[in-house]
Amino acid sequence: MLLLVFLAFGISAAITIFLAIRLSIYADTIERKSALSGILIALLLGGATSLPEITTSVTSIIISNPDLTVGNVLGSNLFNSQHVTS
């Protein structure tokens with residue numbers, strides 16, 4: 001059973017990495033082929049990268065685990081703040 005959990009995690013991680021690379025390529029293509037500015041594309045890309053945190057928070061609310069929600073929001077914000085300032 002534990003092997004199945006690790007297998008599912010590995011597959012999910014591989015899919016996430018693949019889709020993140022494709023998303024970046026598509027964002028560059030959209031910027032080149034359209035009149036949208038780089039700032040708008042960056043906002044769309046930023047919103048897309050926040051989807052895992054939103055999904056985790058909604059799921060933790062559904063399973064009645066508010067500690068996970070608070071930890072996810074605070075941890076994500078602290079990490080992003082440190083990443084931007086460094």
Side-chain angles (χ1 to χ4, degrees):
M1 182 68 175
L2 188 60
L3 181 62
L4 187 60
V5 171
F6 284 118
L7 181 64
F9 177 78
I11 291 170
S12 298
I15 290 171
T16 301
I17 291 169
F18 172 75
L19 291 176
I21 293 168
R22 298 302 303 172
L23 180 63
S24 176
I25 292 169
Y26 290 147
D28 289 339
T29 304
I30 290 170
E31 183 181 4
R32 276 192 307 259
K33 293 186 176 188
S34 71
L36 294 175
S37 69
I39 294 173
L40 182 59
I41 299 296
L43 287 173
L44 291 172
L45 209 55
T49 57
S50 296
L51 289 177
E53 284 86 8
I54 294 169
T55 304
T56 302
S57 296
V58 169
T59 304
S60 65
I61 290 169
I62 290 171
I63 63 171
S64 299
N65 192 346
D67 294 338
L68 182 60
T69 305
V70 173
N72 181 45
V73 170
L74 290 178
S76 173
N77 289 333
L78 289 174
F79 176 79
N80 291 337
S81 299
Q82 291 296 321
H83 184 66
V84 168
T85 57
S86 60

From [X] [atom1] over to [Y] [atom2], what is the distance, rounded to the nearest 0.5 angstrom?
X	Y	atom1	atom2	value
Thr29	Ile41	OG1	CD1	10.0 Å
Ser24	Leu19	OG	CG	12.5 Å
Leu7	Ile11	CG	CD1	4.0 Å
Leu23	Thr16	CG	OG1	11.5 Å

Exercise. With clusters built from Ile, Leu, Val, Met, Phe, Trp and Tyr whose side-chain heavy atoms come within less than 4.5 Å, directly or transitively, what are the remaining members of the cluster of Leu68, listed by chain and number?
Worked result: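 Under the 4.5 Å side-chain rule, Leu68 groups with nothing.
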Problem set entry | Passing candidate, side chain to side chain contact (heavy atoms under 4.5 Å, CB included) with Val58, options Thr55, Ile61, Ile62 |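 Of the listed options, the one satisfying the test is Ile62.
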For this session: Determine whether Leu51 and Leu45 fall in the same hydrophobic cluster, where Ile, Leu, Val, Met, Phe, Trp and Tyr are linked whenever their side-chain heavy atoms lie under 4.5 Å apart.
Result: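 Hydrophobic grouping puts Leu51 apart from Leu45.
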Exercise. Under a single-linkage definition using a 4.5 Å side-chain heavy-atom cutoff for Ile, Leu, Val, Met, Phe, Trp and Tyr, are Ile63 and Val70 assigned to the same hydrophobic cluster?
Worked result: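 Different clusters: Ile63 never reaches Val70 through Ile, Leu, Val, Met, Phe, Trp or Tyr contacts under 4.5 Å.
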Exercise. Should the heavy atoms of other residues, nucleotides or ligands under 6.0 Å from CD1 of Ile39 be counted, would the total exceed 12?
Worked result: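 Counting neighbours around CD1 of Ile39, 12 or fewer heavy atoms of other residues, nucleotides or ligands fall under 6.0 Å, so no.
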Exercise. Which atom names give the shortest non-hydrogen contact between Ser57 and Asn72, and what distance separates them?
Worked result: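 For Ser57 versus Asn72, the nearest heavy atoms are OG-ND2, 2.9 Å.
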